Amino acid sequence: MRIVLVGPPGAGKGTQAALLAQTLSVPHISTGDLFRANISQGTELGLKAQQFMREGQLVPDEVTIGMAKDRMDQADAEDGFLLDGFPRNLAQAEALDEILRDAELKLDAVLDLEVPEEEIVKRIAGRRMCRQDSSHIFHVEYTPSKEQGVCDTCGGELYQREDDHEETVRKRLEVYHSETEPIIDYYRSQGLVTTLSALGAVSDVTSRALSALGRAE
Ligand code: AP5
Ligand code: ZN
């Protein structure tokens, strides 16, 4: 299956993508994770992205689209994928269409995760990420690790993201409304969108997503 996951910052895209990708046996492709990996490795691409991310702005399309395409080529789009955080504006959605058209492939579904703004702020303020594996995501209150500062799954160090501060989060939300939300209508007109509530337990959200994909457990 080829799936796009959209939703505001902190909606739970990364959390759900890790679970769904495992259940559906497709690669989880997160442009945010790819950028963060490039930044921690000090690559040229990471240097280009860092300032935009710090400010809560989108990284320019000429950097993002090439990186996403390379990752999809590596994964072999024919076997399916779960895109998390890409596309994030209309130009990226059109670029994805072109990539898929060239490969004679289509998207199967777009899942739109909906969360009220006050919950977004709580989720982001308490988020802790694992340095070893970006799919290990914790929350100080909702899903705390047993030992403070250490990942339960792999023992990696937990850290707070540089862009998870109030002012940047506000900017990221603004960018989401102005640049990313229009892609939901774009995909809705193609009959691909299911909007689902991302409130409640993580496993409940996963069940909703799987049933939207016709893969009820
Ligand atoms: P990116 O990394 O994609 O960030 P984002 O879209 O802002 O989303 P987040 O990672 O903040 O949240 P999430 O929805 O994944 O939530 P999570 O599962 O972690 O992008 C970062 C930056 O990179 C962008 O600002 C931009 O600069 C750049 N970028 C990336 N892609 C780009 C692109 N395509 N074009 C241009 N620039 C791009 O969950 C959040 C918290 O909530 C966690 O603590 C989690 O434990 C908790 N939680 C999750 N689900 C639940 C639940 N059901 N109940 C309670 N808590 C929950
Ligand atoms: Zn870990």
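As the structure is a computational prediction, the values presented were derived from the model and not from experiment. Remember, it's 1-based here, ligands and their atoms both numbered in the order they're listed.
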| message | Could you check whether any heavy atom of Glu55 sits closer than 4.0 Å to an atom of ligand 1, since that is the contact criterion I want to use? | response | no
| Identity and separation of the nearest protein heavy atom to atom 13 (P) of ligand 1 | Lys13 N, 3.4 Å
| Close approach, Arg161 and ligand 1, non-hydrogen under 4.0 angstrom | yes
| task | Please state which part of Tyr176 comes within less than 4.0 Å of ligand 1, counting heavy atoms only: side chain, backbone, both or neither. | result | neither
| said: Any atom of ligand 1 sitting under 4.0 Å from a heavy atom of Ser30? | reply: no
| remark: Ranked by distance from atom 16 (O) of ligand 1, the top protein heavy atom is Gly12 N, 3.1 Å
| query | So which protein heavy atom does atom 56 (N) of ligand 1 come closest to, and at what separation? | reply | Tyr142 CD1, 3.1 Å
| query | Side chains of Arg188 and Thr195: do they bring a donor and an acceptor to under 3.5 Å? | reply | yes
| request: Specify side chain, backbone, both or neither for Thr64, according to which of its non-hydrogen atoms lie closer than 4.0 Å to ligand 1. | output: side chain
| Apex the Zn ion (ligand 2); atoms Cys151 SG and His136 ND1; angle rounded to 10 degrees | 100°
| request: With heavy atoms under 4.0 Å as the rule, classify the contact between Asn89 and ligand 1 as side chain, backbone, both or neither. | output: neither
| Residue and atom name of the nearest protein heavy atom (relative to atom 41 (C) of ligand 1), distance in Å to one decimal | Arg123 O, 3.5 Å
| query | Which residue supplies the protein heavy atom nearest to atom 9 (P) of ligand 1, what is that atom called, and how far is it? | reply | Arg127 NH1, 3.3 Å
| Would you say Tyr142 and Val121 are hydrophobically clustered, going by side-chain heavy atoms of ILVMFWY under 4.5 Å? | no
| message | Can you check the angle at the Zn ion (ligand 2) formed by SG of Cys130 and SG of Cys154? Round it to the nearest 10°. | response | 100°
| message | Quick test: of every protein heavy atom, which one is nearest to atom 23 (O) of ligand 1, and how far off is it to 0.1 Å? | response | Met53 CE, 3.3 Å
| said: Applying salt bridge (charged side-chain N to carboxylate O under 4.0 Å, His left out) to Asp164 and Arg172, what does each step give before you reach the verdict? | reply: CA-CA 10 Å; Asp164 276 357; Arg172 282 159 61 199; 3.0 Å; yes
| message | Using the rule that Ile, Leu, Val, Met, Phe, Trp and Tyr join whenever any side-chain heavy atoms are under 4.5 Å apart, tell me whether Leu210 and Leu199 fall into a single cluster. | response | no
| task | Mark yes when over 12 heavy atoms from residues, nucleotides or ligands other than Gln22 sit less than 6.0 Å from its CD; otherwise mark no. | result | no
| message | For Thr143, which part has a heavy atom under 4.0 Å from ligand 1: side chain, backbone, both, or neither? | response | side chain
| task | Answer with yes or no whether the hydrophobic clustering places Val115 together with Val6; edges join I, L, V, M, F, W, Y residues whose side-chain heavy atoms lie under 4.5 Å apart. | result | no
| task | Report the nearest protein non-hydrogen atom to atom 32 (C) of ligand 1: residue, atom name, distance rounded to 0.1 Å. | result | Arg88 CD, 3.4 Å
| Are Arg71 and Pro27 close enough that some pair of their side-chain heavy atoms sits under 4.5 Å apart? | yes
| query | About how many Å separate OH of Tyr186 and CG of Leu192, when rounded to the nearest 0.5 Å? | reply | 10.0 Å
| Passes salt bridge (charged side-chain N to carboxylate O under 4.0 Å, His left out), Glu174 versus Lys171? Steps please. | CA-CA 5 Å; Glu174 205 180 290; Lys171 183 70 203 167; 3.0 Å; yes
| Which protein heavy atom lies closest to atom 27 (O) of ligand 1, and at what distance to 0.1 Å? | Gln57 O, 2.6 Å
| message | Any atom of ligand 1 sitting under 4.0 Å from a heavy atom of Gly7? | response | no
